[in-house]
Chemist: 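Questions regarding the structure given below will be posed in turn.
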Amino acid sequence: MEKKEAPKSSLDALVSLCKRRGFIFQSSEVYGGFAGFWDYGPLGCELKRNIKESWWRFTVRDREDVEGLDASIIMHPAIWKASGHLDTFSDPMSMCKGNCRKLMRADQIWDVFGDSAIKAALEPMLGDAGKIATWCKGKGKAVAPGLYTVQHPEYLEAIFETLKGVTDVKALFVLLATPPGEPEALPCPNCGGVMTEPRPFNLMFKTVVGPVDDPSNVAYLRPETAQAIFAEFPNVMVSARQMPPFGIGQVGKSFRNEVTPRNYIFRSREFEQMELEFFIKPDEAVELLCGHVAPLTPETDLSEPQADWGWECWHKYWVEQRKLWLVRNGLPADSFVEYWQKPDELAHYARACVDIEYRFPFGTQELEGIAARSDFDLSRHQEHSGKSMEVFDEPLKLAVKRLSDDEKAAFRAKTVAAWEARGKTAEAANIFLDRLFEGKYIPHVIEPSAGVDRMALAMLCNAYEEQKLVDDKGREDVRTVLHLAPAIAPVKVAVFPLVKNRPELYALARDIFKRLQRRYNCFWDETGAIGRRYRRQDEIGTPFCVTVDFDTLEKDGTVTLRDRDTMQQERISVDDLIRKLDDLILG
RNA sequence: GCGGGUGUAGCUCAAUGGCAGAGCUCCAGCCUUCCAAGCUGGCUACGAGGGUUCGAUUCCCUUCACCCGCUCCA
């Protein structure tokens, strides 16, 4: 049997298979489709469900330090104010229609212009039409490639006289940027191109809560599941009797009004996330409790969480856990890359962020991210809601009590210095320390956040193979196989009667099917030749096919179990089959 | 949002200003003792709207969707 050396799927072949076999359909197809939305068919919804269940078991249920949550999709709009999602995108925005496509707040265009290379170039030339014309035909091509007079220097003649009289750099810029006959427009300060009319721009979907369609009733569909976890942090911690380090996991839909949904289900407007917010003690608390914070080195044993771990160990731990999950679910370690964001790429609140990127056919793209977000989110919610997000840690208070005044002063001095080195104020550090010495702190958070849909896509891409086979008679044939991990495969086992026109054989196969069906998602197929039935299952990734034949009926009751990947068969009793499947599916 | 391309059956693709065709799939039947066998029969399509025309799947316009490139991705 040839092994999978064949080039990875072109996405087209996979898209076609997914539609033909009922994995994924375009939303609202009978009405011409609806960009950015997808429907999962009979097999697709099983696949997605399996991915989510595997994540949930691994992240929540198999652990004692993670709790689950299923929060509402529409929440108090103040949540998005606190998180910063609302401010960033609620202002009118203009986009450059020229080369650079920059998107910026309409009221800030002139501010940006004030610092721009274009302004610096134009200002000294004010009133000198000849110089300006020369610039447009020369250096301007590099500085302002989108400027109308740079692209159409012949127009300079028509405005040559006007140019002489312009004494204001903004007016000059507008004149050079405006095509003849067009109304004067604000040009792009970055490239000189024409900007779109300012439009309200919000990547959150808006809706109205209550029957009255009034701006005061506006609410938003959540653009991420994380904020609900932060908002419910105190409730979950208290009701579940947890203390940091512990996490809250959630799987659910999120919505983003993406500018360009593309690459099949990779970026859609409605999508599903699997997010864990893992709350940890600040490093300072760990140090007070343990006397030190474990350093993260290549030798650090990350298999079991330890009390002396600081955020670095915890962050790395979750990176490793996530990779372990990916590999267990069928994505080989060499199919994805781990990208550690550089310090200048990090959001201001993040201390570290790792993207796990999968090699999709359309490029290497983010599959999930594991961010160390400090106490940013909980602090913001404490600030905006007025409700405490602090944890009271009695052992910490006792540990502080045991310190002498000198030791406390030394700890304070060391901490203040460390905070100042990170660009924070001594005042902030002292406020934090005052609370910490009382045993109180806002937890920090490690956030592994994965997209269900892109996970499904990665697993499908990885699983897809077109195998060239040659049969006994030398005939060539192509076998399409999805090598999905058994735990992820939509159908676990298919049951066939070898022939359907022998009533006893048929009835026995039905019995076996019914028995298996109580445990797994099974498939019954009695039509067509047996080989065709195997191939149908190969194409949807069913790991096992069970055929009931005359030996089952007349000899020992064993069935044949056929393996999807090797196409090999073995005879096995139904009880052994169940044991084997339990083992493969439950891990 | 811009530029280029594409929309015909479940899938992959033809042809055509005048009855829209194939292969595969699917369904029914016959046959069938393990890898897409064979035979017979069957279902199913011109993305949507408007215009030109005696007549439009074909030409034109608009729109929707998809693909490629730019852009965006808090």
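The figures that follow rest on heavy atoms only: side chains count, while hydrogens, waters and symmetry mates do not. Chain letters run A, B, ... following the sequence lines, proteins first, then strands; residues in each count from 1.
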Chemist: Within the 4.0 Å heavy-atom criterion, would you say Asp551(A) contacts the bases, only the backbone, or no part of the nucleic acid?
Modeler: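 No contact.
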
Chemist: Give one of base, sugar-phosphate or nothing for Gly36(A), where a contact means two heavy atoms less than 4.0 Å apart.
Modeler: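 Sugar-phosphate: the residue Gly36(A), judged by heavy atoms under 4.0 Å, touches backbone atoms but no base.
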
Chemist: Atom CG of Asp565(A) and atom P of C35(B): how far apart are they, to the nearest Å?
Modeler: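 From Asp565(A) CG to C35(B) P: 19 Å.
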
Chemist: Quick one: the side chain of Glu258(A) and the base of C73(B), do they pair up donor-acceptor inside 3.5 Å?
Modeler: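 Donor-acceptor pair under 3.5 Å: no.
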
Chemist: Between C35(B), U33(B), U32(B), which nucleotide gets closest to the side-chain atoms of Arg535(A)?
Modeler: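 Output: C35(B).
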
Chemist: Heavy atoms from C-beta onward define the side chain here; which of A74(B), C34(B), G29(B) lies closest to that of Leu498(A)?
Modeler: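 My answer, after comparing the listed nucleotides, is C34(B).
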
Chemist: Scan Phe496(A) against the nucleic acid and name what it touches under 4.0 Å (heavy atoms): base, sugar-phosphate only, or nothing.
Modeler: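 It contacts nothing in the nucleic acid.
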
Chemist: Which nucleotide, C34(B), A36(B), A74(B), lies nearest any side-chain atom of Pro223(A)?
Modeler: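 Of all the options, the side chain of Pro223(A) is nearest to A74(B).
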
Chemist: Give a yes or no on whether a salt bridge exists between Arg479(A) and Asp538(A), defined as a side-chain N under 4.0 angstrom from a carboxylate O.
Modeler: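 Looking at Arg479(A) and Asp538(A), the cut-off is met.
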
Chemist: Are the aromatic rings of Tyr264(A) and Trp38(A) close, with centres under 6.0 Å apart?
Modeler: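 When the ring centroids of Tyr264(A) and Trp38(A) are compared, they turn out to be within the sub-6.0 Å range.
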
Chemist: A37(B), OP1 or OP2 - any side-chain N/O from Arg532(A) closer than 4.0 Å?
Modeler: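 Indeed, a polar side-chain atom of Arg532(A) lies that close.
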
Chemist: By nearest atom, which of the nucleotides C34(B), A36(B), U32(B) is closest to the Gln569(A) side chain?
Modeler: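 Of the candidates, C34(B) comes closest.
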
Chemist: Would you mind checking if Lys253(A) and Glu272(A) are paired as a salt bridge, meaning a charged N to carboxylate O distance below 4.0 Å?
Modeler: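 No.
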
Chemist: Let's see if you can work this out: which of A28(B), C34(B), A74(B) has an atom nearest to the side-chain heavy atoms of Thr527(A)?
Modeler: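 Nearest listed nucleotide: A28(B).
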
Chemist: Syn or anti for C34(B), with syn set at within 90° of 0?
Modeler: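 Base orientation: anti.
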
Chemist: To the nearest angstrom, how far is Phe25(A) atom CZ from C11(B) atom P?
Modeler: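 Atom CZ in Phe25(A) sits about 10 Å away from atom P in C11(B).
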
Chemist: Rounded off to whole Å, could you give me the CZ-to-C1' distance for the Arg20(A) and C24(B) pair?
Modeler: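 Roughly 9 Å, once rounded to whole Å.
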
Chemist: With P as the reference atom in both, quote the distance from G10(B) to G3(B) in angstrom, rounded to an integer.
Modeler: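 Result for the P pair: 33 Å, nearest Å.
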
Chemist: Using centres under 5.5 Å plus planes under 30 degrees as the test, is Tyr31(A) stacked with C64(B)?
Modeler: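 It does not: the two rings, one from Tyr31(A) and one from C64(B), miss the stacking criterion.
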
Chemist: For Gln26(A) and C11(B), what is the distance between atoms CD and P respectively, to the nearest whole Å?
Modeler: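 Whole-Å distance recorded here is 11 Å.
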
Chemist: Any salt bridge between Lys492(A) and Glu46(A), counting N to O under 4.0 Å?
Modeler: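 No, this pair does not count.
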
Chemist: From the set C34(B), A74(B), A36(B), return the single nucleotide nearest to any side-chain atom of Arg21(A).
Modeler: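 Of the options given, the side chain of Arg21(A) lies nearest A36(B).
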
Chemist: With rounding to whole Å, what would you report as the distance between A65(B) and A22(B) at their C1' atoms?
Modeler: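 Straight-line distance between the two C1' atoms is 26 Å.
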
Chemist: Please give, in whole Å, the distance from C34(B) C1' to Arg533(A) CZ?
Modeler: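 Nearest whole value for this atom pair: 9 Å.
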
Chemist: Looking only at the side chains, is there a donor atom on one of Asp453(A) and Tyr40(A) sitting less than 3.5 Å from an acceptor on the other?
Modeler: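 A pair is found: one side chain offers a donor N or O, the other an acceptor, under 3.5 Å apart.
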
Chemist: Distance between the C1' atoms of C13(B) and C27(B), in whole angstroms?
Modeler: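 One C1' to the other, the span is 23 Å.
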
Chemist: Is Ser16(A) touching bases, backbone alone, or none of the nucleic acid, heavy atoms closer than 4.0 Å?
Modeler: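 It contacts sugar-phosphate atoms only.
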
Chemist: Should the pair Asp575(A)-Arg515(A) be classified as a salt bridge under the 4.0 Å nitrogen-to-oxygen rule?
Modeler: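 Judged by the 4.0 Å cut-off on N to carboxylate O distance, Asp575(A) and Arg515(A) do form a salt bridge.
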
Chemist: Could you please name the option among A37(B), A74(B), U32(B) that lies closest to any side-chain atom of Lys500(A)?
Modeler: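 In terms of side-chain proximity for Lys500(A), the closest of A37(B), A74(B), U32(B) is U32(B).
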
Chemist: What's the CG-C1' distance between Asp477(A) and C35(B), to the nearest Å?
Modeler: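 Those two atoms, CG and C1', are 9 Å apart.
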
Chemist: Without decimals, in angstroms, what is the distance between Met567(A) CE and A36(B) P?
Modeler: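 Spelled out: CE on Met567(A) to P on A36(B) is 8 Å.
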
Chemist: So what does Val30(A) hit on the nucleic acid, given a heavy-atom distance under 4.0 Å: a base, only sugar-phosphate, or nothing?
Modeler: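 Since no nucleic acid heavy atom lies under 4.0 Å of Val30(A), the category is nothing.
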
Chemist: Need one value for Thr560(A): base, sugar-phosphate or nothing, where a base atom within 4.0 Å counts as base even if backbone is also close, heavy atoms only.
Modeler: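 Base, at least one base heavy atom under 4.0 Å.
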
Chemist: Can you tell me the pairing partner of G29(B) across any strand shown, Watson-Crick or G-U wobble, with both distances under 3.5 angstrom?
Modeler: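 Check on G29(B): paired to C39(B), both distances under 3.5 Å.
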
Chemist: If the P atom of G18(B) is compared with that of G55(B), how far apart are they to the nearest Å?
Modeler: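 These two P atoms come out 14 Å apart once rounded.
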
Chemist: Considering every strand and a 4.0 Å limit on heavy-atom distances, what is the contact class for Phe271(A): base, sugar-phosphate, or nothing?
Modeler: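 No contact at all - Phe271(A) keeps every heavy atom at 4.0 Å or more from the nucleic acid.
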
Chemist: Less than 3.5 Å apart, any donor N or O on the side chain of Glu275(A) or Thr225(A) sitting next to an acceptor on the other?
Modeler: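 A pair is found: one side chain offers a donor N or O, the other an acceptor, under 3.5 Å apart.
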
Chemist: Does a nitrogen or oxygen in the side chain of Arg536(A) sit under 4.0 Å from OP1 or OP2 of C26(B)?
Modeler: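 Yes, such a contact exists.
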
Chemist: For C34(B), give its Watson-Crick or G-U wobble partner with both distances under 3.5 Å, or none.
Modeler: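 None - no nucleotide pairs with C34(B), as no candidate has both distances under 3.5 Å.
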
Chemist: Could you give the CD1-to-P distance, from Ile530(A) to U33(B), as a whole number of Å?
Modeler: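 Rounded to whole Å, this separation is 12 Å.
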
Chemist: Return whichever of Ala529(A) or Phe266(A) has its heavy-atom-nearest nucleotide of RNA chain B closer to the 5' end.
Modeler: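 By nearest-heavy-atom nucleotide position, the 5'-most residue is Ala529(A).
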
Chemist: Paired with G3(B) by Watson-Crick or G-U wobble geometry, both distances under 3.5 Å: which nucleotide is it?
Modeler: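 C68(B) is the nucleotide pairing with G3(B).
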
Chemist: Tell me the partner of C11(B), counting only Watson-Crick (N1-N3 plus N6-O4 or O6-N4) or G-U wobble (N1-O2 and O6-N3) with both under 3.5 Å; none if nothing fits.
Modeler: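 For C11(B), the partner nucleotide comes out as G23(B), under the 3.5 Å rule.
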
Chemist: Check whether Tyr534(A) forms a cation-pi arrangement with Arg562(A) (NZ or CZ under 6.0 Å from the six-membered ring centre, at most 45° off the ring normal).
Modeler: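 Cation-pi check for Arg562(A) and Tyr534(A): passes.
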
Chemist: Looking at every strand, decide which applies to Glu29(A) at a 4.0 Å heavy-atom threshold: base, sugar-phosphate, or nothing.
Modeler: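 Result for Glu29(A) = nothing.
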
Chemist: Taking atom types as they are modelled, would you say the side chain of Arg262(A) forms a donor-acceptor pair with the base of C66(B) within the 3.5 Å cutoff?
Modeler: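 Flag unset: no donor-acceptor pair detected.
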
Chemist: At less than 4.0 Å, is any side-chain N or O atom of Lys19(A) found next to OP1 or OP2 of C11(B)? Yes or no.
Modeler: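 For C11(B), OP1/OP2 do have a side-chain N/O of Lys19(A) under 4.0 Å.
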
Chemist: Take atom C1' in A45(B) and the same atom in A20(B), then report the distance between them in whole Å.
Modeler: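 Here A45(B) and A20(B) have their C1' atoms 9 Å from each other.
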
